[in-house]
Colleague: 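Before we start, here is the structure in question, set down as structure tokens.
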Amino acid sequence: MDQLDVKEPISIFTSAYQTAVFIKSMGHLASLAVNVYSLIWEFLVQVIPPPYC
């Protein structure tokens, strides 16, 4: 019973840490995707002039 009491908070902490790392990596991926998208958009605008100009 004592081992279970010790293991429970550790597993909760580990899962919370893994979730935080996952969210952080998702944020990095999202910002990377936004940067790539804006770069491609700027390139397309320079190559192909938009019709509304």
Colleague: Output the rest of the hydrophobic cluster of Leu32: all Ile, Leu, Val, Met, Phe, Trp and Tyr residues reachable through side-chain heavy-atom contacts under 4.5 Å, sorted by chain and number.
Modeller: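 None; Leu32 is a cluster of one.
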Colleague: May I ask whether Val47 and Leu44 are part of the same hydrophobic cluster, defined by side-chain heavy atoms of I, L, V, M, F, W, Y residues being less than 4.5 angstrom apart, directly or through others?
Modeller: yes
Colleague: Kindly write out the residues that satisfy side chain to side chain contact (heavy atoms under 4.5 Å, CB included) with Ile12, not counting sequence neighbours, or none if the list is empty.
Modeller: Glu8
Colleague: When you group the ILVMFWY residues by side-chain heavy-atom contacts below 4.5 Å and let the links chain together, are Phe43 and Ile40 in the same group?
Modeller: yes
Colleague: Distance-only criterion, 3.5 Å: show the donor-acceptor pairs between side-chain atoms of residues 17-26 and protein atoms not counting sequence neighbours.
Modeller:
unit_1, atom_1, unit_2, atom_2, d
Thr19, OG1, Ser15, O, 2.7
Ser25, OG, Val21, O, 3.3
Ser25, OG, Phe22, O, 2.8

